[in-house]
Amino acid sequence: MRTFERHITSLRSQALAVLAANQARAADQSLSQIDRQVATFNAREAHAVLGILDNLKPNLGPEEARKITARIRTLLEWDV
């Protein structure tokens, strides 16, 4: 598997984990309404990231792929 594909697979796993965690938080009635709303927003963001990853073309140039990977990783890091 090429390096880019490994990065995408790793990012997809991270996005799925962020999505699941935030969906659970959004449903947790012991949290405040504000916390649940933030979790809902974060889940939507993770879902959007998954959409981006699912639609990436495997023939991106290495520099473009690195930029996309770095940007998505940054988005995912603050959600966890």
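Along the sequence shown, the residues carry numbers beginning at 1.
No single ILVMFWY cluster, assembled from side-chain heavy atoms under 4.5 Å apart, contains both L50 and I8. If you chain together hydrophobic residues whose side chains sit under 4.5 Å apart, V49 and L16 never meet in one group.
Summarising the geometry of T40 relative to A26, their closest heavy-atom pair is OG1-CB, 3.4 Å, with the distance given to 0.1 Å. A pairwise comparison of heavy atoms in A46 and V18 identifies CB-CG1, 3.8 Å as the closest pair.
A side-chain donor-acceptor contact under 3.5 Å links R36 to the backbone of L31.
Here Q37 contributes atom CD and I34 contributes atom CD1; the two are 4.5 Å apart, rounded to the nearest 0.5 Å. Interatomic distance, Q23 CD to N42 CG, rounded to the nearest 0.5 Å: 11.5 Å.
N22 has its side chain out of reach of R44: every pair of non-hydrogen atoms, C-beta onward, lies at least 4.5 Å apart.
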